[in-house]
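Quick notes on the structure that follows.
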Amino acid sequence: MLTRSSVMVCAAAALALAGCSSGDDGKAAEPTDETVVTATVSDAPPSPASPSVSASSDASASPSVSVPASASPSPVPVTGPDQKLVTMTVSGGFAGVNRQVVLRGDGTVRTTDRGESAVRRTTAAQFTTLRTLLGDPALDEVPAFAIDMGSADKFQYTLQFDGRTVMTDRSTDAPALDRLIGALEKWLPTN
């Protein structure tokens, strides 16, 4: 199992090696501002019985993030244990669901589904991952409303974070928002 520090060392090594490739003329290539960093993040929540964190080198099994090195996300700050970092409500669909996930500043995740509530605690790595997804600068470019009004029975996601509300049915291309929704959905109870 990879630890957070070993993943960070690997990421630093990858960044260092990015400047070591040769150019077309055989000489060392000059670094540019277009250097791209690819990171694979596993943000699955623990099972209720046995919390664990895993990292995978298989890019097809985990969400991949590709952003310019200068715009890499950093975890959003926490101002207190009662702070609501993000609230996501999932509604609609054929069955008419209404589910909610709330990530708080103390690292707890409260889920509500069919009137039943549960509270679970994230590991330090999971909490950092979720806060980093929330700190992705690409979220600033996501429109407040992106729902295909011509389709029916899709889930609608309402997210409240950083003083704004975003509504989507995931019908538009918004990779940073999709990564955040995917990470939060994993905390919802399975039916």
Side-chain angles (χ1 to χ4, degrees), residues 2-5 7-8 11 37 39-48 50-55 62-68 70-92 97-147 155-170 172-190:
L2 295 175
T3 64
R4 177 182 162 90
S5 59
V7 170
M8 297 302 280
V37 177
T40 301
V41 179
S42 176
D43 50 16
S47 64
S50 59
S52 65
V53 177
S54 63
S62 301
S64 289
V65 180
S66 294
V67 294
S70 61
S72 76
S74 58
V76 295
V78 176
T79 59
D82 293 332
Q83 177 187 5
K84 287 185 182 178
L85 296 173
V86 62
T87 299
M88 179 178 78
T89 303
V90 183
S91 59
V97 303
N98 189 2
R99 305 164 83 185
Q100 188 175 67
V101 177
V102 178
L103 175 65
R104 299 185 71 89
D106 63 357
T108 58
V109 175
R110 174 180 292 277
T111 59
T112 307
D113 185 22
R114 297 187 199 135
E116 298 289 324
S117 291
V119 177
R120 298 187 347 218
R121 182 165 298 281
T122 62
T123 64
Q126 290 166 333
F127 190 49
T128 300
T129 297
L130 289 167
R131 289 177 37 236
T132 301
L133 290 170
L134 281 165
D136 191 331
L139 288 175
D140 295 338
E141 305 303 318
V142 173
F145 188 83
I147 294 180
F155 289 118
Q156 292 184 3
Y157 301 82
T158 303
L159 289 93
Q160 296 173 309
F161 60 94
D162 195 28
R164 60 186 293 220
T165 300
V166 174
M167 293 179 68
T168 184
D169 60 4
R170 299 179 87 173
T172 60
D173 186 33
L177 185 61
D178 286 339
R179 286 188 295 273
L180 177 59
I181 290 171
L184 291 170
E185 274 185 320
K186 292 176 183 176
W187 288 91
L188 289 170
T190 58

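Predicted model only: the values in this text are computed from it and were never measured.
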Any side-chain to backbone donor/acceptor pair from Thr122 onto Gly107? Under 3.5 Å, distance only.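 At least one qualifying donor-acceptor pair exists.
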
Taking Asp113's backbone N and O only, do any of them form a donor-acceptor pair with Glu116's side chain (distance below 3.5 Å, no angle check)? no

Determine, stepwise, if the pair Thr158 / Thr165 fulfils side chain to side chain contact (heavy atoms under 4.5 Å, CB included). CA-CA 7 Å; Thr158 303; Thr165 300; 3.7 Å; yes

If you define the side chain from C-beta out and look only at heavy atoms, does anything of [X] sit under 4.5 Å from [Y]?
{"X": "Val166", "Y": "Leu177", "result": "yes"}
{"X": "Leu85", "Y": "Leu134", "result": "yes"}
{"X": "Val109", "Y": "Val119", "result": "no"}
{"X": "Pro175", "Y": "Asp173", "result": "yes"}
{"X": "Arg131", "Y": "Ser74", "result": "no"}
{"X": "Arg179", "Y": "Asp136", "result": "yes"}

Ignoring hydrogens and angles, state whether a donor on the side chain of Thr89 or Gln100 is under 3.5 Å from an acceptor on the partner side chain.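 Per modelled atom types, Thr89 and Gln100 side chains form a pair under 3.5 Å.
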
Determine whether the side chains of Gln126 and Thr123 contain a donor N or O and an acceptor N or O closer than 3.5 Å. yes

For [X] and [Y], work out which heavy atoms get closest and say how close.
{"X": "Val101", "Y": "Leu184", "answer": "CG2-O, 3.8 Å"}
{"X": "Arg121", "Y": "Trp187", "answer": "O-CH2, 4.3 Å"}
{"X": "Leu139", "Y": "Arg164", "answer": "O-NH1, 2.7 Å"}
{"X": "Phe127", "Y": "Val78", "answer": "CZ-CG2, 3.9 Å"}

I'd like to check the side chain to side chain donor-acceptor pair (under 3.5 Å) partners of [X]; sequence neighbours left out, ordered by chain and number.
{"X": "Asp162", "answer": "none"}
{"X": "Thr108", "answer": "Asp106"}
{"X": "Thr87", "answer": "none"}

Tell me, please, which residues at least two apart from Asp82 pass salt bridge (charged side-chain N to carboxylate O under 4.0 Å, His left out). Arg104

Non-neighbouring partners of Arg170 that pass salt bridge (charged side-chain N to carboxylate O under 4.0 Å, His left out), sequence neighbours left out: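 Applying salt bridge (charged side-chain N to carboxylate O under 4.0 Å, His left out) to Arg170 gives Asp178, Glu185.
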
Under the side-chain contact (heavy atoms from CB on, under 4.5 Å) test, residues paired with Ala146 that sit two or more places apart: Pro143, Thr168, Thr172

Qualifying residue for side-chain contact (heavy atoms from CB on, under 4.5 Å) with Ser117, from Thr111, Thr112, Val102: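 The passing option is Thr112.
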
List the steps, then state whether side chain to side chain contact (heavy atoms under 4.5 Å, CB included) holds for Met167 with Ile147. CA-CA 7 Å; Met167 293 179 68; Ile147 294 180; 4.1 Å; yes

Would you please test Phe155 and Asp169 for side chain to side chain contact (heavy atoms under 4.5 Å, CB included) and show each step? CA-CA 6 Å; Phe155 289 118; Asp169 60 4; over 6 Å; no

